[in-house]
Amino acid sequence: MIGIFDSGLGGLTVVRAVMKQLPEYDIVYFGDTARTPYGTKSRKTVIGYSFENTDFLVRMGAKMIIIACNTASSFATHQLSEAYKLPIFEVITPAIEKALSTTRKYKIGVIGTRATISSNIYEQKIMEQHPEAHVYSSACPLLVPLVEEGWLSKPETRMIVKKYLLPLKGKQIDTLILGCTHYPLLKDIIQHKIGKRVNIIDSSISIASRIKTYIQNSPEIEASLSKNGQSKFYVSDITDQFKLTAQKILKKTIHLEHVIQ
Ligand code: DGL
C-alpha cells in the first residue's frame with residue numbers, strides 16, 4: 001500500500017491526485033484530525049507527530065510514505081528519511097522542480113501556513129538550485145480554517161485571498177506555488193486574484209507525478225505494492241464536519257475509520 005499522512009483532511013487533495021494518476025494502487029491514509037492544525041505548531045511537536053503517523057502507516061502495511069502535509073514535509077522529512085528503511089516522499093521538492101521547469105522570469109511566489117513559510121524551506125531549496133531566482137512568500141493562516149469550514153467560494157474567502165496575495169502582486173511573479181494541502185481547493189479564486197498570467201503549481205499534482213515515475217522505475221517497490229484499487233482512510237478524531245470535508249475534497253462518500261494514536 002502507498003501510505004499517505006497529513007495533519008488532517010487537506011491531504012486528501014494528494015490522495016485525489018495519486019488516485020487519478022495511479023488508480024490501481026491501494027492507499028492507506030492517516031489524517032491527524034485530533035491534533036490538526038500543524039501549521040501553528042513548533043518544529044519539535046510536528047516531528048513527534050510525524051513519527052507517530054509514519055509508525056501507524058507502517059503497521060497498516062504501507063511500503064512507501066508520502067508526507068502530504070507541507071508543514072510536516074518542511075520539518076520532518078530529514079528525520080523520517082534517516083529513521084525508516086522505506087522510501088519517504090515529501091511534497092515540496094516536486095513542486096519546486098515543476099516551478100523551476102516552467103518559470104521564465106525566475107520570480108516565484110510561495111504561499112503556505114505560518115510554519116512552512118517561516119521555515120524558509122521553499123526559498124532555501126529554490127536558491128540552492130537557482131541562486132539568481134527571486135522568491136516571494138506569504139503566510140496565509142486563515143485559508144486552512146476557511147477550507148475546513150467548506151467556505152470555498154464565499155465572498156469573505158475571496159476577500160481574504162485577495163488580501164494575502166496583495167504583497168505578491170507587485171513583484172511580477174510568473175509562478176505561484178500552492179505550499180499547503182488545502183490551497184488546491186481554492187485554486188480558481190487564487191488564480192483569479194493573482195492574475196491569469198501567473199502559472200499556479202499545485203503540489204498535490206506534482207507529488208503524484210513524482211510517485212508515478214518513481215514506481216515505474218523501481219520494480220522492487222512496485223512489486224511490493226498491492227493493486228486492488230482500494231483505499232483505507234483513518235483519522236484520529238471524527239465529527240460530521242470531517243465527513244463532509246472529506247466528501248467535498250474527494251467528491252465521493254468515503255468511510256473514515258477512527259483510530260486512537
Ligand atoms: N496540512 C497542512 C499543510 O499542508 C495545513 C493544515 C495544518 O496547518 O495542519 O501545511
Side-chain angles (χ1 to χ4, degrees), residues 3-18 29-54 56-57 65-77 80 88-96 109-123 125 137-152 157 160-161 164 176-187 190 200-208 210 233-237 239 241-242 245-246 248-250 261:
I4 303 181
F5 80 81
D6 179 43
S7 56
L9 295 167
L12 292 175
T13 54
V14 173
V15 171
R16 189 173 72 176
V18 172
Y29 180 85
F30 178 72
D32 198 3
T33 46
R35 302 189 291 200
T36 199
Y38 285 8
T40 51
K41 298 201 166 65
S42 70
R43 177 181 290 271
K44 191 168 172 236
T45 298
V46 172
I47 292 174
Y49 291 170
S50 299
F51 269 93
E52 289 171 20
N53 302 342
T54 305
F56 173 76
L57 290 175
I65 302 288
I66 305 176
I67 313 172
C69 176
N70 277 260
T71 306
S73 292
S74 310
F75 286 163
T77 303
L80 295 182
I88 308 269
F89 292 88
E90 38 80 23
V91 286
I92 293 167
T93 312
I96 289 179
V110 182
I111 52 175
T113 62
R114 259 199 236 286
T116 298
I117 297 304
S118 60
S119 78
N120 247 345
I121 187 135
Y122 278 93
E123 186 160 3
K125 282 183 176 266
S137 308
S138 180
C140 308
L142 292 175
L143 299 189
V144 166
L146 287 169
V147 171
E148 298 272 331
E149 266 311 299
W151 285 29
L152 300 184
T157 307
I160 291 169
V161 169
Y164 280 142
L176 176 66
I177 299 177
L178 305 184
C180 174
T181 45
H182 290 57
Y183 302 172
L185 299 163
L186 299 172
K187 194 169 171 179
I190 294 170
I200 293 199
I201 309 291
D202 176 339
S203 48
S204 67
I205 298 173
S206 308
I207 181 65
R210 170 89 181 80
F233 301 93
Y234 297 94
V235 285
S236 50
D237 189 19
T239 63
Q241 184 60 33
F242 291 152
T245 306
K248 257 194 183 143
I249 299 176
L250 285 178
Q261 272 274 43

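Both counts, for ligands and for their atoms, begin at 1 and track the order of listing.
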Trainee: For Glu148, which residues count as a side chain to side chain donor-acceptor pair (under 3.5 Å) partner, sequence neighbours excluded?
Mentor: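 Partners of Glu148 under the side chain to side chain donor-acceptor pair (under 3.5 Å) test: His182.
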Trainee: In a simple table, one pair per line, please give the protein and ligand 1 atom names for every N or O pair closer than 3.5 Å, along with the distance.
Mentor:
| residue | atom | partner | partner atom | Å |
| --- | --- | --- | --- | --- |
| ligand 1 | 1 (N) | Asp6 | OD1 | 2.8 |
| ligand 1 | 1 (N) | Ser7 | OG | 3.0 |
| ligand 1 | 1 (N) | Thr181 | OG1 | 2.9 |
| ligand 1 | 4 (O) | Asn70 | N | 3.0 |
| ligand 1 | 4 (O) | Thr181 | N | 3.0 |
| ligand 1 | 4 (O) | Thr181 | OG1 | 3.2 |
| ligand 1 | 8 (O) | Tyr38 | N | 3.4 |
| ligand 1 | 8 (O) | Gly39 | N | 2.8 |
| ligand 1 | 9 (O) | Ser7 | OG | 2.6 |
| ligand 1 | 9 (O) | Tyr38 | N | 2.6 |
| ligand 1 | 10 (O) | Thr71 | N | 3.2 |
| ligand 1 | 10 (O) | Thr71 | OG1 | 2.6 |

Trainee: Restricting to non-hydrogen atoms, name the atom on Thr45 and the atom on Lys41 that form the minimum distance, rounded to 0.1 Å.
Mentor: CG2-CD, 3.9 Å
Trainee: Considering only distance and modelled atom types, tabulate donor-acceptor pairs under 3.5 Å from the side chains of residues 33-40, sequence neighbours left out.
Mentor:
| residue | atom | partner | partner atom | Å |
| --- | --- | --- | --- | --- |
| Thr33 | OG1 | Ser236 | N | 3.4 |
| Thr33 | OG1 | Asp237 | N | 2.8 |
| Thr33 | OG1 | Asp237 | O | 2.6 |
| Arg35 | NE | Asp32 | OD1 | 3.3 |
| Arg35 | NE | Asp32 | OD2 | 2.8 |
| Arg35 | NH1 | Glu52 | OE1 | 2.8 |
| Arg35 | NH2 | Asp32 | OD2 | 3.2 |
| Arg35 | NH2 | Glu52 | OE1 | 3.0 |
| Thr36 | OG1 | Ser7 | O | 3.3 |
| Tyr38 | OH | Asp32 | OD2 | 2.5 |
| Tyr38 | OH | Asn53 | ND2 | 3.0 |

Trainee: Do you know the tightest heavy-atom contact between Ala95 and Ile201?
Mentor: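 Closest pair (atom of Ala95, atom of Ile201, distance): O-CG2, 3.6 Å.
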Trainee: Only counting residues at least two apart or in another chain, list the ones meeting salt bridge (Lys or Arg N to Asp or Glu O under 4.0 Å) with Arg16.
Mentor: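 In terms of salt bridge (Lys or Arg N to Asp or Glu O under 4.0 Å), with neighbours along the sequence ignored, Arg16 is linked to no residue.
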Trainee: NZ/Lys248 to CD/Gln241 distance, rounded to the nearest 0.5 angstrom?
Mentor: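 Going from the NZ atom of Lys248 to the CD atom of Gln241 covers 7.5 Å.
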